[in-house]
Participant: 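Could you have a look at this structure, given as structure tokens, before my questions?
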Amino acid sequence: MLLTRRGLTAAALLLPAAARAQEFGSAARPLRVGVTSGVHAQVLEKVRDVLARDGFTMRITEFGDFIQPNAALAAGEIDVNTYQHLPFLEAQRAQRGYDFVPVGRTVLTLLAIFSRRHRSLDALPQGARIAIPNDPTNGGRALLLLARAGVITLRPGVDYRATVADIAENPKRVRILELEAAQIARSVADVDAAAITGNYAVPAGLNPLRDGLIAEGADSVYSVLVVVRRADAEAPWARRLAAGYAHPEVKAFVEQSFGGAVIPTA
């Protein structure tokens, strides 16, 4: 029996959700992936090339800040993003109401304090200006690192959600400048010290382990995630993309390309 155009449409709608989801990643319907420029984009490009051998196709959109990739995901302009760690995702869900979930891990980019003017944090002068990211979680990471170095003291019990209001002691009266994360690597020469995440430090020629005055340890809570809308959490294409980050070639690429400043966590 021949199906009319209307019948074809109805039949397509009756396909299981998983079957329809498998259409993503085809040449006719590339998976739309959002990522921040720099390290995360480089790693994603390697994942794309590895998955392409099995016919999986994606279209990468690079963003210049931490806010737009989630806004684009919420608006349906992309299908998935790969740039944020769990603390940042939790903050975004609380502040903006996003119904997003992680489906895998990618890499960990270390945060470090850099300086073009001083060889140690002990050498910081009174009133030194220190730039930190202005987003809630990475700013908190920077404050925790400054506290670990003894530059400031934070109120007891604070974590990555710390803000400048949580500074309990500031013996050198350092001035904390909260700047867009992507801008800090370009401004490092204009301040006494700057907290920069690895995804922006590495493209600027700065290695957290080699050049940082102090760097984070490999804390997996800051591992970057593959994030989708909740409705897509079980989609085959989501699992396939997440699995791409665990491919041995991708892990080898990360280990060989970034001098230890970026750590595979998939």
Side-chain angles (χ1 to χ4, degrees), residues 35-36 38-40 63 65-71 73 81-114 121 130-170 174-185 188 191 193-202 206 208-209 212-227 260-266:
V35 67
T36 46
V39 167
H40 297 311
F63 295 89
D65 63 40
F66 289 157
I67 302 302
Q68 291 307 309
N70 275 342
L73 183 59
N81 62 46
T82 63
Y83 80 102
Q84 62 194 313
H85 48 60
L86 184 59
F88 185 84
L89 173 61
E90 289 177 339
Q92 287 274 288
R93 287 191 298 208
Q95 294 168 6
R96 299 171 184 266
Y98 293 141
D99 193 16
F100 299 160
V101 295
V103 294
R105 291 183 175 185
T106 67
V107 297
L108 168 66
T109 58
L110 300 179
L111 181 142
I113 310 294
F114 300 90
L121 289 173
I130 303 176
I132 69 171
N134 65 0
D135 63 274
T137 53
N138 288 313
R141 287 171 74 183
L143 292 172
L144 288 174
L145 197 54
L146 288 169
R148 195 180 103 195
V151 176
I152 58 174
T153 301
L154 296 172
R155 288 192 302 105
V158 297
D159 57 14
Y160 60 81
R161 289 164 288 199
T163 70
V164 292
D166 293 310
I167 297 176
E169 296 180 21
N170 184 359
V174 299
R175 290 178 288 168
I176 304 296
L177 308 179
E178 297 176 279
L179 304 177
E180 181 99 17
Q183 177 187 344
I184 297 177
V188 65
V191 293
I196 309 174
T197 53
N199 55 305
Y200 291 123
V202 171
L206 297 169
L209 299 179
L213 302 183
I214 186 172
E216 288 177 327
D219 188 339
S220 62
V221 71
Y222 301 125
S223 176
V224 168
L225 306 169
V226 178
V227 173
V262 182
I263 301 167
T265 55

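Along the sequence shown, residues are numbered consecutively beginning with 1.
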Participant: Tell me which pairs pass side chain to side chain donor-acceptor pair (under 3.5 Å) where either residue lies in residues 95-105, with sequence neighbours left out.
Facilitator: D99-R230
Participant: Suppose we screen for side chain to side chain contact (heavy atoms under 4.5 Å, CB included). Which residues come up paired with P87, at least two apart in sequence or across chains?
Facilitator: H85, T137, Y160, V221, Y222
Participant: Please list, chain by chain and in numerical order, all residues satisfying side chain to side chain donor-acceptor pair (under 3.5 Å) with D159, sequence neighbours excluded.
Facilitator: R161
Participant: Could you tell me the separation between the CD1 atom of I130 and the CD1 atom of I184, rounded to the nearest 0.5 Å?
Facilitator: 11.5 Å
Participant: Residues in ring-ring contact (aromatic ring centres under 6.0 Å, His included) with H40, at least two apart?
Facilitator: none
Participant: Compare every heavy atom of A112 with every heavy atom of L145, then report the nearest pair and how far apart it is.
Facilitator: CD2-CA, 3.9 Å
Participant: When rounded to the nearest 0.5 angstrom, what is the spacing between CG in L143 and CD1 in I132?
Facilitator: 4.0 Å
Participant: Do any pairs count as a salt bridge (Lys or Arg N to Asp or Glu O under 4.0 Å) and have a residue in residues 135-148, sequence neighbours left out, and if so which ones?
Facilitator: R141-E216
Participant: Among residues at least two apart in sequence or on other chains, which ones pass ring-ring contact (aromatic ring centres under 6.0 Å, His included) with Y200?
Facilitator: F66
Participant: Applying salt bridge (charged side-chain N to carboxylate O under 4.0 Å, His left out), name anything that partners D65, two or more places apart in sequence or on another chain.
Facilitator: none
Participant: Just distance, no hydrogens or angles: give the donor-acceptor pairs under 3.5 Å from side chains in residues 151-158, sequence neighbours left out.
Facilitator:
| residue | atom | partner | partner atom | Å |
| --- | --- | --- | --- | --- |
| R155 | NE | D166 | OD1 | 3.0 |
| R155 | NH2 | D166 | OD1 | 2.4 |

Participant: Taking all non-hydrogen atoms of both residues, which atom of L225 and which atom of L89 are closest, and how far apart?
Facilitator: CD1-CD2, 4.1 Å
Participant: Shortest non-hydrogen contact from L110 to G260?
Facilitator: CD1-O, 4.2 Å
Participant: If a pair satisfies salt bridge (Lys or Arg N to Asp or Glu O under 4.0 Å) and one of its residues is in residues 174-183, list it, with sequence neighbours excluded.
Facilitator: none
Participant: With rounding to the nearest 0.5 angstrom, report the OG1 to CD1 distance, T106 to I263.
Facilitator: 12.0 Å
Participant: Would you say F88 and V227 make side-chain contact, with heavy atoms under 4.5 Å?
Facilitator: no
Participant: Heavy atoms only: give me the nearest N81-P69 pair and the separation to one decimal.
Facilitator: ND2-O, 3.3 Å
Participant: Before giving the answer on side-chain contact (heavy atoms from CB on, under 4.5 Å), spell out for L146 and I176 the whole-Å C-alpha distance, their side-chain angles and the decisive distance to 0.1 Å.
Facilitator: CA-CA 11 Å; L146 288 169; I176 304 296; 4.1 Å; yes
Participant: Can you give me the closest heavy-atom contact between I113 and A193, atom names plus distance?
Facilitator: CG2-CB, 3.9 Å
Participant: Taking only residues two or more places apart in sequence, or in another chain, which ones meet A261 in a side chain to side chain contact (heavy atoms under 4.5 Å, CB included)?
Facilitator: V202, N207, P208
Participant: Provide the full list of salt bridge (Lys or Arg N to Asp or Glu O under 4.0 Å) pairs with a residue in residues 82-94, sequence neighbours left out, each pair given once.
Facilitator: none
Participant: Give the minimum heavy-atom separation between I196 and L206, together with the two atoms involved.
Facilitator: CD1-CD1, 4.0 Å
Participant: Who are the ring-ring contact (aromatic ring centres under 6.0 Å, His included) partners of F114, not counting sequence neighbours?
Facilitator: none
